[in-house]
Amino acid sequence: MAILRNYWRYLAPLAVIVILALIPAPAGLEPHSWLYFAVFMGVIVGLILEPVPGAVVAMLGISIIAILSPWLLFSPAQLAEPGFKFTAKALNWAVSGFSNSVIWLIFAAFMFGTGYEKTGLGRRIALMLVQKMGHKTLFLGYAVMFSELLLAPVTPSNSARGAGIIYPIIRNLPPLYHSQPGSASARSVGSYIMWMGIMANCVTSAIFLTAMAPNLLLIGLMKSASGAALSWGQWFTGMLPLSIVLVLLTPWLAYVLYPPTIKSGDQVPKWASEELRAMGPLCCREKRMLGFMVCALLLWIFAGDYIDAAMVGYGVVALMLVTKIISWDDIITNKAAWSVFFWLASLIALATGLNNTGFIAWFGQLLAKGMSGYSPGLVMVVLIAVFYGLRYFFASATAYTSALAPMMIAAAVAMPAIPLPVFSLMIGAAIGLGSILTPYATGPSPIYYGSGYLPTSDYWRYGAIFGGLFLVLLIATGLLWMPIIL
């Protein structure tokens, strides 16, 4: 019955494929490239509507293209080459995403998150910050921001970080001041804390490469289109000035624009102290976990020229297994990690196919021709602003990145005057920062919106205000700082 009620979710992707396939290929584009693009767009629509899980949608797209590869993946000239075996070539393409180092980096980072959760280290860090800074409501906002900041580098799922670690802690704070959802008392403390929760999640998702799965998807798309990629350290240093400004400014600005009526109190530190007392002292497993994370971060930042970031993660996961921080069962039963692993690998393969069939080059040249005569700086600003604004139309950061990022990268590749590393980093930061715009933009958004402390009108209004501010700061640092570093 559920399938019958939602039949249109199943039919819409197929309808998109059929309609686009029936349209003649545009001038300058080979027919097989256009047919490939038709299936690619059907996958994107499937990711948006999700009639089945996203990983299944992506795998179905891969299967369709691989089976019909003589008509979708390869040109007649390739098929006519002596000894060309399209079946082997199609299989190599279908599984190519799983050999991408980005896939293994994000999988390792998911295991880091499991270690944080199993040892209780993530919860302890958040509680310690709340205990030390919770006596003033403004400082409590900074405690939420710093908690996200410390967890983000090793938690590639912003939903797991925001909805799984931070939200369960901060949802206990407003009732301590008798601030109840859906009532006049919500604004006393609860609204500010919940708004800070989602803003801190969005800000930290942009600061680190491993803070959000779509960031790594973007790097995979960039590598498939140009052969170049940003390292963990390049992302971090390129974002550094903007990161400092956002971390220091956001809690204060939210305090001014969306002010709580209760400014201070001792209830929160007392509650956090009781929770920490119940947890007991820092145990050996937590100490080992903390040591591994510090080592991983140092290697990601300073040793990128000597050891691949994915290899660092792989090695640390092995050490976590040996020291029993996590078990093998934790790995094989981590549904979220395996789901992201499969859809990310499949989407990177699909994006690689766009490049291999010539669609990316054709589309990039088309955009470049339409923007000829304008300065590279202006073109960058316009593209970033358009990409940022289109976030209103997507309820999934993955679908948003998969649908729009390849086109944006194609435009940059086709215009050599645009510095691709700078432009790609701005696109990546826009994915995280733009998540503040709507109550459905990313995984944690509905959680905080559904808390009852953030009325609909408030969410949309302050989402637009802070989203606009984030965009202005991103463009400024993208034009002034990132070209120096990258």
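Heavy-atom basis, side chains included; hydrogens, waters and symmetry copies ignored. Counting begins at 1 with the first residue of the sequence.
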[X] side chain near [Y] side chain, heavy-atom distance below 4.5 Å:
X      : Y      : result
Leu425 : Leu230 : yes
Met196 : Pro251 : yes
Leu433 : Tyr388 : yes
Ser451 : Pro181 : no
Pro444 : Thr442 : yes
Pro269 : Met133 : no
Val43  : Leu47  : yes
Tyr142 : Leu129 : no

Does [X] use its side chain to pair, donor to acceptor, with the backbone of [Y] at less than 3.5 Å?
X      : Y      : answer
Ser339 : Lys335 : no
Glu274 : Trp271 : no
Thr204 : Asn201 : yes
Ser179 : Ala186 : yes
Trp481 : Ala476 : no

Does the pair His178 and Ser185 meet the rule for a side-chain contact (heavy atoms from CB on, under 4.5 Å), with working shown?
-> CA-CA 7 Å; His178 306 289; Ser185 64; over 6 Å; no
For Tyr255, is the NZ or CZ atom of Lys263 found under 6.0 angstrom from the centre of its six-membered ring and inside 45 degrees of the ring axis?
-> yes
Do Arg187 and Tyr192 meet the cation-pi criteria used here (NZ or CZ under 6.0 Å from the six-membered ring centre, within 45° of the axis)?
-> no
Would you say the ring centers of [X] and [Y] fall short of 6.0 Å from each other?
X      : Y      : result
Phe112 : Phe292 : no
Phe387 : Tyr400 : yes
Trp104 : Phe341 : yes

Tell me, with the steps shown, if Met482 and Met239 meet side-chain contact (heavy atoms from CB on, under 4.5 Å).
-> CA-CA 8 Å; Met482 292 179 187; Met239 283 292 296; 3.9 Å; yes
Which atom pair, heavy atoms only, marks the closest approach of [X] to [Y]?
X      : Y      : answer
Arg161 : Ser205 : NH2-OG, 3.0 Å
Pro260 : Val189 : CB-CA, 4.3 Å
Thr438 : Tyr392 : CG2-CD2, 3.4 Å
Ile485 : Gly238 : CG2-N, 4.2 Å
Met279 : Gly120 : CE-O, 3.5 Å
Ala351 : Leu221 : CB-CD2, 2.9 Å

Can you measure from [atom1] ([X]) to [atom2] ([Y]) and round to the nearest 0.5 angstrom?
X      : Y      : atom1 : atom2 : result
Cys295 : Leu319 : SG    : CG    : 9.0 Å
Asn215 : Thr210 : CG    : OG1   : 8.5 Å
Thr155 : Ile166 : OG1   : CD1   : 8.5 Å
Ile170 : Met194 : CD1   : CE    : 5.0 Å
Leu140 : Ile262 : CG    : CD1   : 11.5 Å
Asp330 : Ile332 : CG    : CD1   : 9.0 Å

Does [X] have more than 12 heavy atoms from other residues, nucleotides or ligands lying within 6.0 Å of its [atom1]?
X      : atom1 : result
Tyr314 : OH    : no
Met128 : CE    : no
Met415 : CE    : yes
Lys136 : NZ    : no

Kindly determine whether Tyr453 and Tyr448 satisfy side-chain contact (heavy atoms from CB on, under 4.5 Å), including the steps that lead there.
-> CA-CA 8 Å; Tyr453 288 99; Tyr448 284 100; over 6 Å; no
With no hydrogens and no angle check, do the side chains of Asp458 and Ser191 hold a donor and an acceptor under 3.5 Å apart?
-> no
Between the side chains of Thr398 and Trp343, does any donor sit under 3.5 Å from an acceptor?
-> no
For Phe393 and Ile48, what are the C-alpha separation, side-chain angles and deciding distance, and is it a side-chain contact (heavy atoms from CB on, under 4.5 Å)?
-> CA-CA 10 Å; Phe393 300 98; Ile48 294 172; over 6 Å; no
Yes or no on side chain to side chain donor-acceptor pair (under 3.5 Å) for Thr114 and Asn334, after CA distance, side-chain angles and deciding distance?
-> CA-CA 8 Å; Thr114 300; Asn334 194 321; 2.9 Å; yes
Between Glu117 and Arg123, does a salt bridge (Lys or Arg N to Asp or Glu O under 4.0 Å) hold up when you go through it step by step?
-> CA-CA 8 Å; Glu117 181 181 350; Arg123 175 176 169 80; over 6 Å; no
Checking side chain to side chain donor-acceptor pair (under 3.5 Å) for the pair Gln131/Ser273: CA distance, chi angles, key distance, verdict?
-> CA-CA 6 Å; Gln131 179 193 36; Ser273 297; 2.8 Å; yes
ring-ring contact (aromatic ring centres under 6.0 Å, His included) partner of Tyr459, the single match among Trp195, Tyr258, Tyr440 = Trp195
Pair Glu286 + Arg124, salt bridge at N-O below 4.0 Å | yes
